[in-house]
Structure formats: structure tokens, C-alpha cells
> 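If you scroll down you'll find the structure; I have some questions about it.
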Number of protein chains: 2
Amino acid sequence: MLISTVVDVSGILADPLRFRIVDLLANEELCTCHLVELTGAKQPTISHHLKVLRDAGIVSSEPVGRNTYYRLRAEALQSYALMVSEIADRAAGATRDRLPCL
Amino acid sequence: MLISTVVDVSGILADPLRFRIVDLLANEELCTCHLVELTGAKQPTISHHLKVLRDAGIVSSEPVGRNTYYRLRAEALQSYALMVSEIADRAAGATRDRLPCL
DNA sequence: ACGTAGTATAAATCTATGTTGATATCAACC
DNA sequence: GGTTGATATCAACATAGATTTATACTACGT
């Protein structure tokens with residue numbers, strides 16, 4: 001599923017280990033074994049999170065020999081950041097009036 | 001607690017109802033009763049989410065008579081959006097080289 | 001001071017999901 | 001073709017957190 005809403009992407013960034021993976025992939029492409037090494041997490045755990053990230057379109061994967069390399073899709077993160085930013089903009093420009101209670 | 005990390009704020013935006021509250025507050029200040037009306041959720045549920053949002057510094061509250069009005073803190077959302085955006089920027093400028101496996 | 005309305009808190013329940021151990025898949029090398 | 005190494009999937013378990021019912025708090029009106 002590629003249609004990711006703000007709620008969906010937020011949920012994905014909400015897990016510490018998954019965010020760590022995103023942060024690591026922001027620097028360079030890495031394969032599963034690297035991420036296992038760098039995070040100290042078990043391999044099935046990493047694979048699970050990578051699947052979540054891939055299904056949401058936040059990372060892309062490419063098999064290289066026996067390994068699978070993962071790359072962060074910057075556009076996906078940017079579009080998410082933009083959506084959040086637009087909500088903030090709306091709030092900044094909102095009226096100061098208060099809706100009275102019934 | 002006011003020191004909100006990316007993971008924390010992400011977790012807060014990850015709940016559909018809580019995001020709905022944030023989205024509604026982006027337009028205007030509202031009190032608890034309004035949010036109960038607009039969302040159809042039970043009052044304790046709304047109060048709970050408002051507490052979470054307030055503890056994270058995403059909304060501020062002001063008592064007005066028997067009511068409590070809530071306001072979205074645009075700066076908080078903007079700073080979060082910026083942090084996410086910076087990660088995306090890092091990814092966009094990252095090297096295409098792949099770290100070899102050991 | 002009492003009753004009422006709006007809101008907040010507490011305890012209990014339920015659901016979603018992260019983690020784990022075991023196993024399956026799949027490519028490379030002999 | 002069989003073995004090995006890397007990764008993915010599966011089932012079971014554990015935990016975090018959202019929702020609910022009940023209750024407490026607080027300000028206003030009479």
C-alpha cells in the first residue's frame with residue numbers, strides 16, 4: 001500500500017527502533033545485516049520493521065546477491081513533513097476568536 | 001514534559017482521533033465540549049487525548065469559566081516538521097555508495 | 001449552601017503491535 | 001545437487017496504550 005496518510009507515517013516513525021533505522025538509512029544505503037549490527041536488534045525484528053517501512057513506501061529495497069540493500073525515499077519523508085507543516089501554518093494564521101459553547 | 005523528540009511527537013500524531021483533534025484545533029480554539037461534539041467521542045476519551053497533547057506541548061489550555069479552551073501551538077508542530085525535513089534532506093544528499101558487508 | 005454543568009482523573013478492559021524462536025526461502029559457491 | 005550464509009515469514013507471547021464506566025473536582029446560578 002502506497003497511499004500513506006499523516007497518521008500512518010506518524011505511526012511508523014513512532015517506534016524507536018524503526019526511527020533509528022530511518023535515521024541510519026538517511027546517511028547511506030544499508031543491507032539487513034548492517035542494520036542488525038548497528039542496532040543490536042535481532043534479525044527477524046529488523047526484517048519486520050523493514051517490511052513495514054517498505055509497505056509504506058518510506059524505503060525501497062534492492063536485492064544484491066544474497067543481501068538486500070535498503071534506501072530511504074527522501075520524497076516520501078519530505079511530503080510527510082510538508083503535510084505537517086501545512087497544518088502548523090493553518091494554526092499560525094487561524095483566528096483568535098473562540099467559538100462559544102452552546 | 002516539554003522536551004519532545006521526533007519519536008514522541010510521531011506517536012502523538014499516530015492516533016486517528018488525536019490527529020483529528022489537532023486538525024480541528026488548527027482552525028480555531030475549541031473547548032472540550034466542542035471536541036466531544038465534533039468528533040463524536042466520549043468526553044473522558046477527549047480529555048485523555050488533550051492531556052497527552054498538552055503534556056507534549058502541542059496544545060496549550062486556558063480555563064474560561066467552567067470550560068477549558070485549547071489552542072494548537074504552531075511552533076511545536078513546525079519544529080517537528082523541520083526535524084523530519086532535515087532527515088529527508090540528509091537522505092537526498094547522501095552518497096550512493098553501498099557499505100560492503102563483512 | 002446546594003444543585004448543575006463542564007471537565008478531569010482512576011481503574012479495568014481490550015486491542016494493536018513489537019519482539020522472539022523456529023522455520024522457510026533463496027542465492028552463491030563448492 | 002548439496003551446503004552455507006543472508007533474509008524473510010510464521011506463530012506465540014508480551015506489552016503499550018486507547019476506550020469505557022464510574023467518580024471526583026470546580027465554577028457558576030439560584
Side-chain angles (χ1 to χ4, degrees), chain A residues 1 4-25 29-56 58-71 98-102, chain B residues 1 4-25 29-56 58-71 98-102:
Chain A
M1 121 146 31
S4 305
T5 161
V6 173
V7 171
D8 293 333
V9 177
S10 299
I12 285 171
L13 299 179
D15 182 76
L17 177 53
R18 206 151 47 207
F19 178 73
R20 181 92 196 287
I21 293 174
V22 168
D23 192 58
L24 287 167
L25 289 177
E29 299 192 16
L30 296 170
C31 69
T32 310
C33 68
H34 291 135
L35 291 166
V36 170
E37 269 292 319
L38 292 166
T39 64
K42 305 264 167 106
Q43 178 267 319
T45 303
I46 297 295
S47 272
H48 168 250
H49 287 307
L50 286 171
K51 174 172 173 48
V52 172
L53 290 167
R54 190 151 28 88
D55 287 350
I58 295 179
V59 306
S60 63
S61 64
E62 184 184 352
V64 177
R66 318 189 228 201
N67 302 326
T68 310
Y69 274 85
Y70 286 87
R71 177 178 69 80
R98 281 178 186 144
L99 202 62
C101 295
L102 339 170
Chain B
M1 124 142 32
S4 306
T5 159
V6 173
V7 171
D8 293 333
V9 178
S10 298
I12 285 171
L13 299 180
D15 182 75
L17 177 54
R18 205 152 48 207
F19 178 73
R20 180 92 196 288
I21 293 175
V22 167
D23 192 58
L24 287 168
L25 289 177
E29 300 191 17
L30 296 169
C31 70
T32 310
C33 66
H34 291 134
L35 292 167
V36 170
E37 269 292 320
L38 293 166
T39 63
K42 305 263 168 103
Q43 178 267 318
T45 303
I46 297 294
S47 271
H48 168 251
H49 288 307
L50 286 171
K51 175 173 173 48
V52 172
L53 290 167
R54 189 151 31 87
D55 288 349
I58 295 179
V59 306
S60 63
S61 65
E62 183 184 352
V64 176
R66 319 187 226 200
N67 303 325
T68 310
Y69 274 85
Y70 287 87
R71 178 178 69 81
R98 283 179 184 142
L99 202 62
C101 294
L102 338 170

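Below, chain A is the first sequence line, B the second, and so on; all start at residue 1.
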> From the set C:dT7, D:dA8, D:dG5, return the single nucleotide nearest to any side-chain atom of A:Arg66.
D:dG5
> In whole angstrom, what separates A:Asp8's CG from C:dT17's C1'?
14 Å
> Heavy atoms only, 4.0 Å cut-off, all strands: where does B:Ser47 land among base, sugar-phosphate and nothing?
base
> Whole-Å distance between D:dT9 P and A:Ile46 CD1?
15 Å
> Looking at every non-hydrogen atom in both residues, tell me the closest pair between B:Thr45 and B:Leu17 and how far apart they are.
CG2-CD2, 3.7 Å
> I need the A:Ser61 OG to A:Lys51 NZ distance, nearest 0.5 Å.
10.5 Å
> Polar atoms only, N or O, under 3.5 Å: list the protein pairs with nucleotides 16-23 of chain D and their distances.
{"residue": "D:dA18", "atom": "OP1", "partner": "B:Arg18", "partner atom": "NH2", "Å": "3.0"}
{"residue": "D:dA18", "atom": "OP2", "partner": "B:Arg18", "partner atom": "NH1", "Å": "3.1"}
{"residue": "D:dT19", "atom": "OP2", "partner": "B:His49", "partner atom": "NE2", "Å": "2.4"}
{"residue": "D:dT21", "atom": "OP2", "partner": "B:Lys42", "partner atom": "NZ", "Å": "3.1"}

> Report yes if at least one side-chain N or O of B:Thr68 is closer than 4.0 Å to OP1 or OP2 of C:dA8; otherwise report no.
yes
> For the atom pair CG (B:Leu53) and CG (B:Asp15), what is the distance rounded to the nearest 0.5 Å?
9.5 Å
> Taking atom C1' of D:dA8 as reference, at what distance in whole Å does atom CG of A:Leu53 sit?
15 Å
> Reading DNA chain D from 5' onward, which residue's closest nucleotide shows up sooner: A:Lys51 or A:Asn67?
A:Asn67
> Which whole-number value in Å describes the distance from A:Ile12 CD1 to C:dT17 P?
11 Å
> When you measure from the side chain of B:Arg18 to the backbone N and O of B:His49, does any donor-acceptor pair fall under 3.5 Å?
no
> In whole Å, what is the span from the CD atom of B:Glu62 to the C1' atom of C:dG6?
16 Å
> What does B:Tyr69 touch in the nucleic acid at a heavy-atom separation under 4.0 angstrom: a base, only the sugar-phosphate, or nothing?
nothing
> Using a 3.5 Å distance criterion without hydrogens, assess whether the side chain of A:His34 forms a donor-acceptor pair with backbone atoms of B:Pro100.
yes
> Looking only at heavy atoms, which two atoms of A:Cys33 and A:Cys31 are closest? And how far apart?
SG-SG, 2.8 Å
